[in-house]
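Letters A, B, ... mirror the listed sequences (proteins, then strands); counts begin at 1.
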Amino acid sequence: MMNDTPIRVRIAPSPTGDPHVGTAYIALLNYLFARQRHGRFILRIEDTDRTRFVETSEQMIFESLRWLGLAWDEGPDVGGGYGPYRQSERTELYRAAVLRLQESGKAYRCFCTPERLEAMRKQQAAAKQPPRYDRTCLQLSPAQVSENLARQVPFVVRMAVPQPGETTFRDELRGEIRFDHANVDDQVLLKSDGYPTYHLANVVDDHAMEISDVIRAEEWISSTPKHVLLYQAFGWPAPRFWHMPLLRNPDKSKISKRKNPVSLIYYRQAGFLPAALINFLGLLGGGMPADLEQFNLAEMAEKFQFERISLGGPVFDLEKLRWLNGVYLRALPPETLLGELRENVFGESYLRQIVPLVQERIETLAQAADLADFFFRDEVAPPPEVYLPKKRSKEETLKMSSELLAGLEASDWTHPALEKTLRDLAEQSGWPAKEVFMLFRAILTGKTASPPLLESALVFGKARTLDRLRRFLEREKARK
RNA sequence: GGCGCCAUCGUCUAGCGGCCCAGGACGUCGCCCUCUCAAGGCGAAGAUCGCGGGUUCGAAUCCCGCUGGCGCUACCA
């Protein structure tokens, strides 16, 4: 183990969409850990999944974490002695590493097609066997391998988990955890596109970056034996592992966008103060002394105790966050509050985008406020008379609203994309397009007459629009 | 299904063998303050400490079993 080595921890988000509250939570914990142990806090971008890669995501991650005040000591944008800090720029490292493993027989090429793997899993499921790779390609003779290579059959590289066997590792919060290798699959290490999987990249990078403590979410516990096996295969010392409880939805499932706003962009735009959000996250899991309810980052760095963290997954209680945020807001000098409002609610660039949408529809200046009110409201609550299309039942309308939510969630936030989403929805459901648009209008604006719908949604933003849909659904479902 | 993790008021948590017929906070309810609504003050309801066995003079606290929740079970992280 690495006992006296300097403390180096990392947060490793992947740029696949909006920055997530869960990322903020783990980032906070890593940040605190580094601060109180005089270590370094590193930001590493895990962009090895090219199918889910979102261009704008990385920048949003930077901005959101900075907004929260969680500054990193090393990262893609600030540099450091262990770069590059983007995994897509480190692919040579992974290839070299995997080659070492292959040479020592600890990893092997697998030429199985996705179709075969799927069929295999289906069969295993039918036979009530646990789904795992059947090691067909481990039996391949050298001749067969070179033949496949010569024919350019696409392949992945898998790790050869020693069978039989077992792996034990220590979780700093839970103690020893043991896994029988019968339950550890021959993980894919290198994908057929040449990119590494998380498991490989994370181990190679954590070692290369001299990470001393891996502080990550609990969902990783079951893959930790794979990581430990990898460290052993490379002959590297493993870091300490601290698995943190998973944030939960009100129904206790892992926090998800369908049941909770999870985008940090949303929290920013909806008007939560970073200090309040940080304070709230610090309350979850209970690492702070029990008699303290309100504290800032500096106080947390001073008093937070990792050993105190309670292991049950905390529900992310929006109600309590709102209350806390209110406490912070009320404590602000009015001058500061004004500044916050100017910046976040009545922001210059926001107003600039809204003005042209209302200009054509006003006779007096004061009417602009009436027309644009929904841009500034936290919630609009249209009654059924407003949102229910004539001759549609409530059930039917709510179902369409759910589909609308799902569709918009998956949609890019551009005019053509939104338009296509709505029209496709109309076509699939048999609803006239105008009814779909009107329903969306009612939910977004609370009214049947509004500035241009798509333009309005564009300006209002994806995170908040989706939230409005979600809250609408929640409210109406609760009402019947 | 298999494997793993977890388990105190609706929610976040305090408690780490006697101070607990379990404390605080959010939420809920009531009262006060008050032109309204908030905020604030005061108070109330709310947990047989998931269940069953042990260990012990004594268990929310230790052990075992059960149950339940959650996670993982991808060429996603």
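- Base-pair partner of B:C26: B:G10 (Watson-Crick or G-U wobble, both distances under 3.5 Å).
- Taking atom P on both B:G30 and B:C37, the two are 13 Å apart, rounded to the nearest angstrom.
- When distances run from any side-chain atom of A:Arg158 to the nucleotides B:C75, B:G71, B:A77, the shortest one goes to B:C75.
- Residue A:Pro114 is in base contact, counting any heavy-atom pair closer than 4.0 Å across all strands shown.
- With P as the reference atom, B:G53 and B:G41 are 45 Å apart, rounded to whole Å.
- If you check every strand for non-hydrogen atoms under 4.0 Å, A:Arg132 touches nothing.
- Nucleotides B:C26 and B:G69, compared at atom P, are 31 Å apart to the nearest Å.
- Taking only side-chain atoms of A:Trp323, from C-beta outward, the nucleotide of B:C12, B:C72, B:A25 with the closest atom is B:A25.
- With both ends at atom C1', the span from B:A60 to B:C51 equals 14 Å, rounded to whole Å.
- For B:U13 and B:C62, the C1' atoms lie 23 Å apart once the distance is rounded to whole Å.
- Ring to ring, A:Trp67 and A:Tyr267 are not that close: their centroids are 6.0 angstrom or more apart.
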Notebook entry, point to check: Could you go step by step and tell me if A:Thr414 and A:Asp412 meet the side chain to side chain donor-acceptor pair (under 3.5 Å) rule?
Noted result: CA-CA 6 Å; A:Thr414 62; A:Asp412 279 343; 5.6 Å; no
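- Across all strands shown, B:C20 forms no Watson-Crick or G-U wobble pair with both distances under 3.5 Å.
- Where A:Lys254 and A:Gly286 each meet RNA chain B at their nearest nucleotide, the meeting point lying more 5' is that of A:Gly286.
- Checked for salt-bridge contact, A:Arg86 and A:Asp47 miss the test: no charged N lies under 4.0 Å from a carboxylate O.
- To the nearest whole angstrom, the two P atoms, one in B:U73 and one in B:U11, are 27 Å apart.
- Shown here, B:U56 forms no base pair; nothing in the strands shown gives a Watson-Crick or G-U wobble contact with both key distances under 3.5 Å.
- Rounded to whole Å, atom C1' of B:U13 lies 14 Å from atom CE of A:Met288.
- Side-chain proximity of A:His199 to the nucleotides B:A77, B:U11, B:U13 is greatest for B:A77.
- Using a 4.0 Å heavy-atom criterion, one finds that A:Val188 contacts the sugar-phosphate atoms exclusively.
- Counting only heavy atoms from C-beta on, A:Ser223 has its side chain closest to B:A77 among B:C12, B:A77, B:G4.
- Contacts of A:Arg248 with the nucleic acid, taken as non-hydrogen atoms under 4.0 Å apart, involve only primed sugar atoms and P, OP1 or OP2.
- The residue among A:Gly287 and A:Phe111 whose nearest nucleotide of RNA chain B is located toward the 5' end is A:Gly287.
- With B:A25, B:C26, B:C5 as the choices, the nucleotide that has an atom nearest any side-chain atom of A:Ile177 turns out to be B:C5.
- Here A:Lys447 pairs with A:Asp373 in a salt bridge; the nearest charged N to carboxylate O distance falls below 4.0 Å.
- In a base pair of the Watson-Crick type (N1 to N3 plus N6-O4 or O6-N4) or a G-U wobble (N1-O2 and O6-N3), with each distance short of 3.5 Å, B:G4 is matched with B:C70.
- Checked against the 6.0 Å centroid criterion, the rings of A:Tyr328 and A:Phe272 do not qualify as a close aromatic pair.
- Among the heavy atoms of the strands lying under 4.0 Å from A:Ser310 are primed sugar atoms or P, OP1, OP2 only; no base atom is included.
- Atom C1' of B:A38 sits at a distance of 40 Å from the matching atom of B:C19, rounded to the whole Å.
- Rounded to whole Å, atom P of B:G4 lies 12 Å from atom CD1 of A:Ile221.
- As judged by a 4.0 angstrom heavy-atom cut-off over every strand, A:Leu324 is placed among residues making no nucleic acid contact.
- Comment: A:Arg8 engages A:Glu74 in a salt bridge, judged by a side-chain N to carboxylate O separation of less than 4.0 angstrom.
- In this entry the distance linking CZ of A:Arg308 with P of B:C12 reads 16 Å, nearest Å.
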